[in-house]
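Structure first, then comments.
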Amino acid sequence: MNIILFGAPGAGKGTQAKRLVESRGLVQLSTGDMLRAAIEAGTELGRQAKDIMDRGDLVSDDIILGMIAERMDSPECANGVILDGFPRTVAQADGLGAMFEARGLTLNHVIEVQVDEAALFARIETRAAETGGSRADDNAETLRKRLAVYHENTAPLLPYYDGKGLLRTVDGMASIDEVGQAIDAILAS
Ligand code: ADP
């Protein structure tokens with residue numbers, strides 16, 4: 001089973017993805033985590049990505065698609081993947097479609113975790129406080145930028161996947177458990 005978890009920055013995709021990894025043995029492919037690992041490791045890619053991420057802009061589609069393709073081909077992904085934070089542009093979604101087609105894979109569900117933006121600010125501020133600001137992109141100013149980038153580049157993927165009959169929406173304002181149950185119900189359908 002292959003799933004896209006979709007939602008604005010701070011919507012709680014990562015939390016739900018980790019839950020599904022434990023309950024279903026899927027592999028979480030988080031492009032944000034991969035980029036942060038590259039920064040941590042001090043690779044050339046990490047160096048290129050850092051300023052872009054700190055600004056709240058998007059890393060180029062080519063880099064992102066290359067990272068995903070490399071991971072998709074590893075045997076651990078054979079049981080299925082949860083895509084978290086990817087795709088973020090129509091070009092990435094087209095690239096993903098081509099990648100799946102070439103490998104004979106099916107995209108089963110696109111699940112949007114829907115939240116209201118005032119609540120997102122509160123969550124980001126809490127996360128920044130809890131992690132001691134360890135993520136350079138966890139502050140109100142960058143969040144504003146990331147939300148603008150989300151509306152401009154990423155929100156068009158909602159009608160894109162709705163048109164393919166794949167989009168389902170859950171209420172991300174509910175508790176973590178309730179959101180998890182709503183996702184489980186979709187996966188069981
Ligand atoms: P969150 O889960 O908080 O919404 P991520 O950890 O997914 O955020 O992403 C952090 C940053 O990494 C983004 O703001 C962007 O700069 C970069 N990034 C992550 N995924 C992608 C992607 N698919 N395309 C382009 N840039 C990305």
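Every number for a ligand or one of its atoms is a count from 1 in the order of the listing.
Considering each of Thr31, Leu35, Asn153, the one bringing a non-hydrogen atom nearest atom 18 (N) of ligand 1 is Leu35. Nearest to atom 1 (P) of ligand 1 by heavy atom, out of Met53, Arg146, Lys13, is Arg146. Within the set Leu83, Val59, Asp57, the minimum heavy-atom distance to atom 15 (C) of ligand 1 is found for Asp57.
The closest donor-acceptor contact from the side chain of Asn79 to the backbone of Gly25 lies under 3.5 Å. Looking only at distances, a side-chain donor or acceptor of Asn2 sits under 3.5 Å from a matching main-chain atom of Thr106. Gln114 places no side-chain N or O within donor-acceptor distance of the main-chain N or O of Ala11, the cut-off being under 3.5 Å. The closest donor-acceptor contact from the side chain of Gln92 to the backbone of Arg88 lies under 3.5 Å.
Taking both residues in full, the closest heavy atoms of Val179 and Gly172 are given as CG2-CA, 4.0 Å, listed atom of the first, atom of the second, then distance.
Of the residues listed (Leu29, Leu5, Leu96), the one engaging Phe86 in a side-chain contact (heavy atoms from CB on, under 4.5 Å) is Leu96, and it is the only one.
In this structure, Arg55 has no heavy atom closer than 4.0 Å to ligand 1.
With ligand atoms numbered from 1 in the order given, ligand 1 contributes 22 (C), 23 (N), 24 (N), 25 (C) to contacts under 4.0 Å with heavy atoms of Gln92. Of all atoms in ligand 1, numbered sequentially from 1 with element shown, those under 4.0 Å from a heavy atom of Gly32 are 5 (P), 6 (O), 7 (O), 9 (O), 19 (C), 20 (N). Counting atoms of ligand 1 from 1 in the listed order, those under 4.0 Å from a heavy atom of Pro9 are 4 (O). The atoms of ligand 1 that sit less than 4.0 Å from any heavy atom of Arg36 are 6 (O), 10 (C). Set against the non-hydrogen atoms of Gly85, the atoms of ligand 1 under 4.0 Å away are 20 (N), 21 (C), 22 (C), 23 (N).
Taking the charged nitrogens against the carboxylate oxygens, Asp84 and Lys18 have no contact shorter than 4.0 Å, which rules out a salt bridge. Under the 4.0 Å criterion applied to side-chain N and carboxylate O atoms, Asp184 and Arg24 are assigned as salt-bridge partners.
Ligand 1 has no nitrogen or oxygen under 3.5 angstrom from a nitrogen or oxygen of Asp33. Considering backbone and side-chain atoms together, Asp84 places no N or O closer than 3.5 Å to any N or O of ligand 1.
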